[in-house]
Amino acid sequence: VRTSESMNGLRMSWNIWPCSQQDASRIVVPLGCLYTPLKNTEALQLVEYEPVMCKAAGCGAVLNPCCFVDFRLKSWTCPFCLQRNPFPPHYAEHITESNLPAELLPHCSTMEYILPQSVCTPPVFILVLDIALIEEELEQAKDSLQQSLAVMPQNALVGFITFGANCFVHELVSGTMPHSFAFRGTKEYLAKQVSYQLGFGGQGGNPGRQTAIASRRFLMPVAECEFMLNSLLDELSRDSWPSSGFGRRPQRCTGAALSIALGLAEATYPNSSCHVALVVGGPCNVGPGMVVGEELAETIRSHLDLQKDKPNARYSKGAMKYYADLASRAVSNGFSVDLFACSLDQVGLHEMKVLPDKTGGYMVMSDSFSMSVFKDSFRKMFDCDEQGYLNLGFNGKLEVFTSREVKCCGAVGGLSSLGKRSPAVAEQEIGEGGTCQWVIGSMDRNTTIAFYFDVASQQASTAGDKHAFMQFQTSYLHASGRKRLRVTTLSHRFADPNTDIALGFDQEAAAVIMARYAVFKCENEDPHDVLRWIDRMLIRLASRFADFRKDEPSSFNLRSEFSIFPQFMYHLRRSNFLQTFGTSPDETAYYRTIILRENTMNSLVMIQPALLQYTFEAGPPQPVLLDTCSLKPDVILLMDDFFHVVIWRGEKIQAWYDQGYHEKEDYANFKVLLQAPAADAKQILADRFPAPKFVQTNAGGSQARFVTSKVNPSNSGMGDGQSDGSTVLTDDVSLRVFMEHLIRLAVQS
């Protein structure tokens, strides 16, 4: 499993596959995989020539190690359509059993092609800044934008739009006086209208060379406009549109500003490497996409308001439809839309989440623009590799090829369907289904897509040692200005009557695949129904793969291949991905968007946080159970749940700290103990995107809730727990009670 992930960036829920549809229905957990298209894989072959492709009509698979090669006839057989193809002359001339091209070497199951004669435009970043902020917040946001300009590649094109009650597109050419073009905030703008109003629309605003030259005032290379844009930001002040009066919200036309940004990109650089980055500090309350009224007395909608369709939720459906239309515009051009929202109240991420979900853009949420969550995340978006190129792939298209025994049901992640039908498409749809090709506006090294498959065979095959084949082709625009194609091919063995399919179960990948499926179902179903669906799946899985005697819970024994899977499901049920109590719709949207795009290990940390224990005993920190029994008075704990990094000190440790023992030379070992978790937390904060929130707390402290809400309440004050560790008062059932119920239901007749 680890080898496949390090070589191909791919993990399967089942590494031995059921050989028929009936067998596939019995394994309960979906047959799926988690694929990271741009993962820095080991020994990746990077070549600069055109791939050799299958010539069969409707196929298009690329030559790979799974192909059967006839060295005498100098031909290869495609494992997907079984078409025989002759090798190109320069291959046929040199190929022998001992002299194989890279594509046929077993360790080159992942290849990346730099396509010749494919030159694309530099990356385009359109920065959309909310200026209806209070002065302190606006200064912090401007500071982050200026810092990002310093680290952007010098050839990257940048545009600048501000909005409050109205929207302004700023010219970036050096001159005696800065110019900006104003747009009303009360209407949506299409590309033709934007280009016409900015003065380069011509006879209908068709994109072309003349348009690109005329629009250069608004989209310029960083090297040429950095001074001008910094000057603009220095002089930028809060929106001067007259306030409606006391007790009313500042006016924001967020929806109109996004439509103008997309219109500018569509009119100038369609189908290119474009990011629209929205930096917003409050809800849209003017024009299309508004989510709340101007009166502060009208609170922004909560989950309960949405469920009961209360008056303050009346804007949500219209706003969601509007932002979905904007997402469709972005998808059709391969753009991505990033949302950076910082506010103590909600800003409308619930309605806007369709933009990053469909385009592969980022979503970052924080309380303030002064916090490191925003500042570090915004800066990291422009991180570059050793060659000085952005760690991003733009305008990606991902296509799946399968052999005849397997069909693709769909994909879940930051992507959109392109509606391409092929023999690889299954009738059942999961996520973005009914297609074999998807578009991903933006990808980084961690962007991971979950694919779901179905077995096409109605009956089990009698032939032994039968394999299924899959190929993932990801074409994208590299930041260097060249188009690339990454091809990953793999084969999987079908189970035969003598094979135990359970031996191929990957608990970690299966937990993430189930979590994504559950989060996707929450978009269209009641979360309580999704919880019951998870419970039924878990009971069926335990009944299928555990050893027990009917109606005897004490005889229950779950196989080692499945031993921690129920634990993952227990924590998933309690998580903010499925539970909406105590969270706002914006928070729920944020958590769900992040888990749908992160890699396997990061997703597991979100589902079941990691907990490390630091003590006076020598040696590295020890991982401990995510349980109340770990909350001891004489230890320090470091908890990582991806969104937060928390250092928790026990009562004794905190008392010694308050008395200043760490400042005395005789207690140097105590000072070292305090520094160890801080150093590890600093490393996590430096490496992760989005940057997590750092919390320092102690037993009984107000922020200890970040830890106590995540741990298993084995000692909940109800008389069913252990005596060591802390007591957490909660109505949640403990993992032990959860497992007792699971076992009882699994063994019953």
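Below, all heavy atoms of this structure are taken into account, side chains as well, without hydrogens, waters or symmetry copies. Predicted model, so just to flag it, every value in this text is computed and none were measured.
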Tabulate below the donor-acceptor pairs under 3.5 Å that side-chain atoms of residues 227-235 make, not counting sequence neighbours, or state none.
unit_1, atom_1, unit_2, atom_2, d
Asn230, ND2, Glu226, O, 3.1
Ser231, OG, Phe227, O, 2.9
Asp234, OD1, Gln146, NE2, 2.8

Polar contact flag, side-chain donor to acceptor under 3.5 angstrom, [X]-[Y]:
X: Arg486; Y: Thr474; answer: no
X: Glu137; Y: Ser368; answer: yes
X: Tyr35; Y: Thr448; answer: no
X: Ser584; Y: His303; answer: no
X: Tyr362; Y: Asp444; answer: yes
X: Thr110; Y: Thr41; answer: no
X: Asp357; Y: Thr593; answer: yes

Point to revise | Criterion ring pair (Phe, Tyr, Trp, His ring centres under 6.0 Å) against Phe218, the qualifying member of Phe160, Phe181, Tyr269 | key: Phe181
Could you pull out all donor-acceptor pairs under 3.5 Å where a side-chain atom in residues 382-392 meets a protein atom, sequence neighbours excluded?
unit_1, atom_1, unit_2, atom_2, d
Asp385, OD1, Gln387, N, 3.0
Asp385, OD1, Gly388, N, 3.1
Asp385, OD1, Tyr389, N, 2.8

Check your understanding: In terms of heavy-atom contacts, does CD of Glu135 have more than 12 from other residues, nucleotides or ligands at under 6.0 Å?
Key -> yes
Practice item. Give a yes or no on whether Arg184 atom CZ has more than 12 heavy-atom contacts from other residues, nucleotides or ligands under 6.0 Å away. Key: no
Point to revise | Inter- and intrachain pairs under salt bridge (Lys or Arg N to Asp or Glu O under 4.0 Å), touching residues 141-157, at least two apart | key: Glu139-Lys142, Asp143-Lys375
Practice item. Indicate yes or no: at least one non-hydrogen side-chain atom of Phe643 is less than 4.5 angstrom from one of Pro692. Key: no
Point to revise | Working for side chain to side chain contact (heavy atoms under 4.5 Å, CB included), residues His275 and Val124 | key: CA-CA 6 Å; His275 267 261; Val124 180; over 6 Å; no
Does a salt bridge link [X] with [Y], judged by any charged N lying under 4.0 Å from a carboxylate O?
X: Glu432; Y: Lys358; answer: yes
X: Glu136; Y: Arg238; answer: no
X: Asp687; Y: Lys682; answer: no
X: Glu171; Y: Arg216; answer: no

Practice item. Would you please indicate if the ring centroids of Trp241 and Phe163 are separated by under 6.0 Å? Key: no
